[in-house]
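Values below: every heavy atom of this structure, side chains too, minus hydrogens, waters and symmetry copies.
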Amino acid sequence: MAETKTSETRPPPPPGPKNFIEWYLLSYNQVSFLGWFWILYLTVSTLYTNDYDYTKVFEVTWPALKYVQTAALFEVLHSLLGWVRAPVMTTAMQVASRLFLVWGVNYIVPEIHSHWSYSSMTIAWCIAECTRYAFYTFHLSGGIPAVISWARYNFFFVLYPVGVFSELMMVYQALPYAKLIDPLYFYGLIAVGLIYAPGFPVLFSHMLVQRKKYMRGDVKKKSN
C-alpha cells in the first residue's frame, strides 16, 4: 500500500526585523526620525510665535541640531560594515558636508547665526531627514506606505537645491569673519565651497537613480 505524502506549507514569516542588526537599525531610524522631527517643530514654532523672525531660530535649535546631525556618523559605519546597501562614498560625502556646516562653519563663526539661510537650511534638512528615516523605519517594519515612498523619491527635487543653496549662502556669509580668524580658514572655506560644484551632481544623480528604480517597481506593481 503506497503512502501519500502531504506537503506541509509553512506560513510566511511575520514582517519586521529578523535579527539583532535589523532591530538595531530600526531603533536607530526611529530615534533619528524623532530627533529631526523635534528640530523641525522647534524651527517652525519659533518662526510662528515670533512673527517669522528667523534671527531667533539658531539659539532654539542648535543644542539639538549639533548632536542629531553628528549622530549621522553612524550611517557611514553602517555602510562600511555592510549593514545597509547605501554606497560608502555617497554616504560619507553627504555626512561630511553636513558636519562641515555644523562644526566647520556655524560652530566657529557665530556672527552668521541670525542669517535667514540657517532657517532655510534647517527646514530643508529636517524635512529630508524625516522623510528618509520614516521610509527606512517602515521598510524595516515590513511595509512602506505609498505616500512615504512618493515623498522619499520626489521631495528631493526641491529640498536638495534649497539645502545646498542655503549651505553655500552660510559659507559665503562666513567668509569675511573667516578672513579675520585665519587666512587658511578663509581659503579652506572657499575650497570646500568649490567642492560643492562636483559634489552636488553626484548626490543628486544618486537620488535620480534611486527614483528611477522606484518608478520602475511602481509601474510593475500597477501592471500586475
Side-chain angles (χ1 to χ4, degrees), residues 28 31-47 50 52-80 88-130 132-133 156 159-204:
Y28 172 81
V31 172
S32 298
F33 171 84
L34 292 174
W36 284 107
F37 186 82
W38 174 244
I39 297 169
L40 179 62
Y41 168 77
L42 291 176
T43 303
V44 174
S45 62
T46 300
L47 289 170
N50 291 280
Y52 302 98
D53 180 9
Y54 49 79
T55 62
K56 302 180 184 300
V57 171
F58 179 88
E59 60 181 313
V60 176
T61 59
W62 176 252
L65 178 67
K66 61 183 179 182
Y67 291 116
V68 172
Q69 182 55 68
T70 303
L73 283 169
F74 283 107
E75 298 190 21
V76 181
L77 180 63
H78 299 162
S79 185
L80 282 170
V88 177
M89 185 58 67
T90 305
T91 304
M93 284 177 59
Q94 189 165 21
V95 172
S97 66
R98 294 281 190 87
L99 293 180
F100 164 69
L101 263 297
V102 172
W103 298 108
V105 179
N106 278 285
Y107 181 74
I108 298 175
V109 188
E111 290 85 356
I112 65 173
H113 294 168
S114 59
H115 195 262
W116 59 262
S117 56
Y118 176 82
S119 296
S120 58
M121 178 187 73
T122 302
I123 291 173
W125 285 7
C126 287
I127 297 175
E129 297 297 57
C130 283
R132 187 166 67 92
Y133 287 120
F156 77 94
L159 296 176
Y160 267 41
V162 170
V164 169
F165 178 76
S166 301
E167 292 167 22
L168 288 173
M169 180 58 70
M170 296 223 79
V171 173
Y172 176 75
Q173 293 297 319
L175 288 177
Y177 307 102
K179 201 168 188 177
L180 298 175
I181 295 171
D182 192 305
L184 287 177
Y185 178 51
F186 171 75
Y187 291 112
L189 289 185
I190 294 176
V192 174
L194 292 174
I195 293 174
Y196 267 72
F200 173 72
V202 171
L203 295 175
F204 197 79

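- Residues Ile108 and Gly104 approach most closely at CD1-O, 3.6 Å, considering heavy atoms.
- Leu77 CG to Leu73 CG: the interatomic distance, rounded to the nearest 0.5 Å, is 9.5 Å.
- Residues satisfying the side chain to side chain donor-acceptor pair (under 3.5 Å) criterion with Thr61, sequence neighbours excluded, are Tyr118.
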* **Phe200 vs Tyr196, ring pair (Phe, Tyr, Trp, His ring centres under 6.0 Å): CA-CA, chis, key distance, verdict** => CA-CA 6 Å; Phe200 173 72; Tyr196 267 72; 8.7 Å; no

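- Between the SG atom in Cys126 and the CE atom in Met121 there is a gap of 9.5 Å [rounded to 0.5 Å].
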* Asked: What do the steps show when you test Ile123 against Leu47 for side-chain contact (heavy atoms from CB on, under 4.5 Å), and what is the final call?
  -> CA-CA 11 Å; Ile123 291 173; Leu47 289 170; 4.1 Å; yes

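- Within 6.0 Å of the CZ atom in Phe165, the count of heavy atoms belonging to other residues, nucleotides or ligands does not exceed 12.
- Closest approach of Leu159 to Ala124, counting heavy atoms only: O-CB, 3.9 Å.
- The environment of OH in Tyr172 is sparse: at most 12 heavy-atom neighbours from other residues, nucleotides or ligands sit within 6.0 Å.
- Listed for the His115 side chain is no donor-acceptor partner under 3.5 Å among the backbone atoms of Met170.
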Would you tabulate the side-chain donor-acceptor contacts of residues 93-102 under 3.5 Å, counting partners in other chains and residues two or more places apart, or write 'none'?
| from | atom 1 | to | atom 2 | distance (Å) |
| --- | --- | --- | --- | --- |
| Gln94 | NE2 | Tyr160 | OH | 3.4 |
| Ser97 | OG | Met93 | O | 3.4 |
| Ser97 | OG | Gln94 | O | 2.8 |
| Arg98 | NH1 | Gln69 | OE1 | 2.9 |
| Arg98 | NH1 | Glu129 | OE2 | 3.4 |

* Asked: Is there a side-chain contact (heavy atoms from CB on, under 4.5 Å) between Leu65 and Trp36 once you walk through the steps?
  -> CA-CA 8 Å; Leu65 178 67; Trp36 284 107; 3.6 Å; yes

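- Closest approach of Ser114 to Thr55, counting heavy atoms only: O-CG2, 3.5 Å.
- Looking at heavy atoms from C-beta onward, Ile190 lies in side-chain contact with Tyr187 at the 4.5 angstrom threshold.
- Under the 4.5 Å side-chain criterion, counting only non-hydrogen atoms from C-beta, Phe204 is not in contact with Val164.
- Each salt bridge (charged side-chain N to carboxylate O under 4.0 Å, His left out) pair with one or both residues in residues 52-67, not counting sequence neighbours, would appear here, but there are none.
- Rounding to the nearest 0.5 Å gives a distance of 10.5 Å between OG1 of Thr43 and CH2 of Trp38.
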* Asked: Can you list the steps and then say if Glu167 with Trp125 is a side-chain hydrogen bond (donor to acceptor under 3.5 Å, both in side chains)?
  -> CA-CA 10 Å; Glu167 292 167 22; Trp125 285 7; 2.9 Å; yes

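- Listed by chain and residue number, Glu75 satisfy the side chain to side chain donor-acceptor pair (under 3.5 Å) test with Tyr28 (two or more places apart in sequence, or in another chain).
- At least one side-chain heavy atom of Ile39 sits less than 4.5 Å from a side-chain heavy atom of Val68.
- Ser79 places a side-chain N or O within 3.5 Å of a backbone atom of Val88 that can act as its donor or acceptor partner.
- Here Ser166 pairs with Ser120 under the side chain to side chain donor-acceptor pair (under 3.5 Å) rule; sequence neighbours left out.
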Side-chain atoms of residues 175-182: list all donor-acceptor pairs with protein atoms under 3.5 Å, sequence neighbours left out, distances to 0.1 Å.
| from | atom 1 | to | atom 2 | distance (Å) |
| --- | --- | --- | --- | --- |
| Asp182 | OD1 | Leu184 | N | 2.8 |

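- Ring planes of Trp103 and Trp62: perpendicular class, angle over 60° (limits at 30 and 60°).
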